[in-house]
> 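The structure under discussion is supplied below as structure tokens; questions concerning it will follow.
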Amino acid sequence: MKIAIAGFGALGSRLGVKLQKAGHEVTGIDGWPAHIAAINTNGLTVVHDDLPPKKYFVPVVTPKEVTGEFELIILLTKTPQLDRMLTDIAPIITKKTQLLVLSNGLGNIEVIEKHVARDQILAGVTLWTSSLVKPGEIHTTGTGSIKLQAIGHADAVSVAAALNQAGLNVEITQDVLTAIWHKAGINSVLNPLSVLLNANIAEFGTAGNGMDLALQILDEIQKVGATQGVKVNITDIMNDLTDLLKPENAGNHYPSMYQDIQNGKRTEIDFLNGFFAKIGRQEHIDTPFNALVTALVHAKEDIERVKLAKKQETFEI
Ligand SMILES: NC(=O)C1=CN([C@@H]2O[C@H](COP(=O)(O)OP(=O)(O)OC[C@H]3O[C@@H](n4cnc5c(N)ncnc54)[C@H](OP(=O)(O)O)[C@@H]3O)[C@@H](O)[C@H]2O)C=CC1
Ligand SMILES: CC(C)(CO)C(=O)C(=O)O
């Protein structure tokens with residue numbers, strides 16, 4: 001299948017390599033010039049756990065440069081960048097193109113609906129992980145899975161089959177909205193707490209009160225979900241959290257929000273805990289934990305951005 005991955009960052013790169021290895025024709029689309037240049041010149045370096053680095057040659061272009069027709073575009077930008085990416089790649093989206101969004105957070109489907117017909121959209125969630133450690137180099141660990149559903153009449157079966165050829169462990173769900181809230185519950189625990197506690201997923205699991213904190217956050221999300229007609233199953237989320245702590249799954253992974261903070265970038269917090277706190281305010285549901293976590297992550301974003309800017313100034317001197 002001819003596949004483009006829009007948002008060829010940490011996770012886009014990992015999935016891109018797996019899809020290319022399975023025989024698909026893959027093109028990466030990304031806006032970070034240094035990353036594009038590194039991959040196109042020297043290949044993408046992938047370091048899996050303690051294994052020797054491997055190089056893969058997947059062509060990467062900017063959103064404004066990309067040309068050609070793709071049967072499938074996998075959207076893997078950070079949530080705040082999705083709208084901009086879709087605007088920039090509009091020339092390559094035909095009526096036959098299917099778009100699958102796997103980014104974390106709430107509200108992605110509504111953004112895509114502004115750009116293409118419902119029948120072209122598939123939405124999903126993924127437990128694959130990856131870290132972009134420097135331009136052109138990702139570090140990977142463990143394994144993962146994907147759940148997806150067609151929003152209208154897109155061809156979920158052929159998309160799932162193409163992804164499964166690459167061993168991506170895809171399951172078609174009939175209730176992707178619940179899956180998205182479920183995943184957002186997982187992210188609303190692991191992502192901000194990794195930032196605030198400076199811990200990877202396994203290290204978070206060693207905190208004596210870690211799971212109590214998780215329960216407080218999830219209890220609020222469950223109450224907010226009920227106001228929106230979404231059933232959030234806390235037991236199922238806690239089971240998934242416990243599985244993710246294992247090194248063979250994602251224990252050694254620093255969540256994507258942790259990586260954003262390290263890179264001095266704004267995070268997806270407003271599409272996770274911040275989203276639940278906002279709906280909670282509208283629906284008169286108290287969400288003190290989610291509101292506090294959101295405020296603390298925003299504070300951390302500011303602190304790290306100032307620190308990084310100072311470091312860069314020092315380099316210039
Ligand atoms: N990483 C993971 O393990 C997982 C991620 N996800 C989700 O997948 C989506 C994509 O995440 P992920 O791949 O981690 O995101 P990345 O930050 O690695 O990549 C997203 C985009 O950010 C830009 N970018 C990345 N690093 C830098 C940098 N240092 N300086 C400038 N620009 C940079 C890139 O281009 P551009 O300049 O165009 O912005 C890239 O397209 C998110 O919604 C995330 O929550 C879901 C599961 C696991
Ligand atoms: C792997 C996981 C679930 C960790 O929180 C994730 O989605 C991320 O890193 O953003």
Side-chain angles (χ1 to χ4, degrees), residues 5-16 28-39 44 60-66 74-86 88-89 100-108 111 123-147 168 180 182-195 199-202 204-205 214 237 240-241 243-246 249-272 304-305 308 312:
I5 303 192
F8 207 69
L11 193 59
S13 299
R14 183 175 192 181
L15 300 193
I29 307 173
D30 201 87
W32 187 15
H35 183 52
I36 300 175
I39 298 176
L44 174 75
V60 190
V61 289
T62 65
K64 294 213 163 135
E65 278 167 2
V66 64
I74 301 178
L75 298 162
L76 262 170
T77 63
K78 284 282 155 65
T79 301
Q81 299 163 343
L82 179 60
D83 195 38
R84 176 76 194 275
M85 174 63 85
L86 285 163
D88 288 347
I89 64 170
L100 165 64
V101 61
L102 293 175
S103 301
N104 281 330
L106 276 299
N108 293 320
V111 171
V125 289
T126 180
L127 288 174
W128 286 96
T129 62
S130 179
S131 305
L132 182 52
V133 295
K134 63 177 185 195
E137 181 166 329
I138 58 168
H139 288 189
T140 61
T141 186
T143 180
S145 59
I146 292 173
K147 278 188 187 171
L168 289 174
I180 289 170
H182 177 100
K183 177 76 199 294
I186 294 174
N187 289 120
S188 294
V189 172
L190 293 180
N191 293 22
L193 295 185
S194 74
V195 167
N200 69 22
I201 295 179
F204 164 72
I237 297 180
D240 275 359
L241 283 175
D243 271 354
L244 283 169
L245 302 180
K246 297 177 191 156
N249 293 330
N252 297 324
H253 171 69
Y254 283 89
S256 52
M257 189 174 286
Y258 183 96
Q259 299 173 46
D260 291 338
I261 292 287
Q262 298 288 307
N263 292 328
K265 289 171 74 185
R266 294 280 172 212
T267 68
E268 296 179 309
I269 195 73
D270 288 334
F271 302 87
L272 296 165
E304 292 306 318
R305 283 164 79 93
L308 209 71
Q312 275 157 4

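For ligands, and for the atoms within them, numbers begin at 1 and follow the listed sequence. On a predicted model such as this, the values are computed, not experimentally measured, just so you know.
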> Mark yes when over 12 heavy atoms from residues, nucleotides or ligands other than Lys183 sit less than 6.0 Å from its NZ; otherwise mark no.
yes
> Report the nearest protein non-hydrogen atom to atom 48 (C) of ligand 1: residue, atom name, distance rounded to 0.1 Å.
Trp128 O, 3.1 Å
> Are any of the N/O atoms on Ala10, whether in the backbone or the side chain, positioned under 3.5 angstrom from an N/O atom of ligand 1?
yes
> What protein heavy atom is closest to atom 43 (O) of ligand 1, reported as residue, atom name and distance in Å?
Glu268 OE2, 2.7 Å
> For ligand 1, is there an N or O atom under 3.5 Å from any N or O atom of Thr129?
no
> Please list, in number order, the atoms of ligand 2 under 4.0 Å from a heavy atom of Leu190.
5 (O)
> Test your reading of the structure: does Leu102 have an N or O sitting under 3.5 Å from an N or O of ligand 1?
no
> Check His139, Gln259, Gln262 against Ser131 for a side chain to side chain donor-acceptor pair (under 3.5 Å) and give me the one that passes.
Gln259
> Return the closest protein heavy atom for atom 21 (C) of ligand 1 as residue, atom name and distance.
Gln81 OE1, 3.7 Å
> Which bit of Thr126 gets closer than 4.0 Å to ligand 2, counting heavy atoms only: side chain, backbone, both or neither?
neither
> In the structure I gave you, are the side-chain heavy atoms of Lys78 and Ser256 within less than 4.5 Å of one another anywhere?
yes
> Using a 4.0 Å heavy-atom threshold (strictly under), name the region of Arg84 that reaches ligand 1: side chain, backbone, both or neither.
neither
> Compare every heavy atom of Ile29 with every heavy atom of Met85, then report the nearest pair and how far apart it is.
CE-O, 3.9 Å
> Return the closest protein heavy atom for atom 24 (N) of ligand 1 as residue, atom name and distance.
Lys265 NZ, 3.2 Å
> Counting from 1, what ligand 2 atoms have a heavy atom of Asn104 closer than 4.0 Å?
6 (C), 7 (O), 8 (C), 10 (O)
> Mind checking whether Asn104 has an N or O less than 3.5 Å away from an N or O of ligand 1?
yes
> Show the atoms of ligand 2 that are less than 4.0 angstrom away from any heavy atom in Ile201.
4 (C)
> Counting heavy atoms only, which part of His253 comes closer than 4.0 Å to ligand 1: side chain, backbone, both or neither?
side chain
> In terms of residue, atom name and distance, what is the protein heavy atom nearest to atom 29 (N) of ligand 1?
Trp32 CH2, 3.3 Å
> Leu44 and Ser13: which non-hydrogen atoms are nearest, and at how many Å?
CD2-CB, 3.7 Å
> Atom 9 (C) of ligand 1: which protein heavy atom is closest, and how many Å away?
Thr77 O, 3.5 Å
> Check each atom of ligand 2 against the heavy atoms of Ser256 and keep those under 4.0 Å away; list them by number with element.
8 (C), 9 (O), 10 (O)
> Below 4.0 Å, non-hydrogen atoms only: which portion of Ser103 touches ligand 1? Side chain, backbone, both or neither.
both
> Can you find a non-hydrogen atom of Lys183 under 4.0 Å from ligand 2?
yes
> Return a yes/no value for Leu11: is any of its N or O atoms, backbone included, closer than 3.5 angstrom to an N or O of ligand 1?
yes
> With backbone taken as N, CA, C and O and side chain as the heavy atoms from C-beta onward, which portion of Met257 lies under 4.0 Å from ligand 2: side chain, backbone, both, or neither?
neither
> So, regarding Lys78 and ligand 1 (criterion: nitrogen or oxygen to nitrogen or oxygen, under 3.5 Å), is there a contact or not?
yes
> Specify the protein heavy atom at minimum distance from atom 34 (C) of ligand 1: its residue, its atom name, and the distance to 0.1 Å.
Asp30 OD2, 3.2 Å
> With atoms numbered from 1 as shown, which atoms in ligand 2 lie under 4.0 angstrom from a non-hydrogen atom of Thr129?
1 (C)
> Tell me the contacting part of Pro255 for ligand 2: side chain, backbone, both, or neither, using a 4.0 Å heavy-atom threshold, strictly below.
both
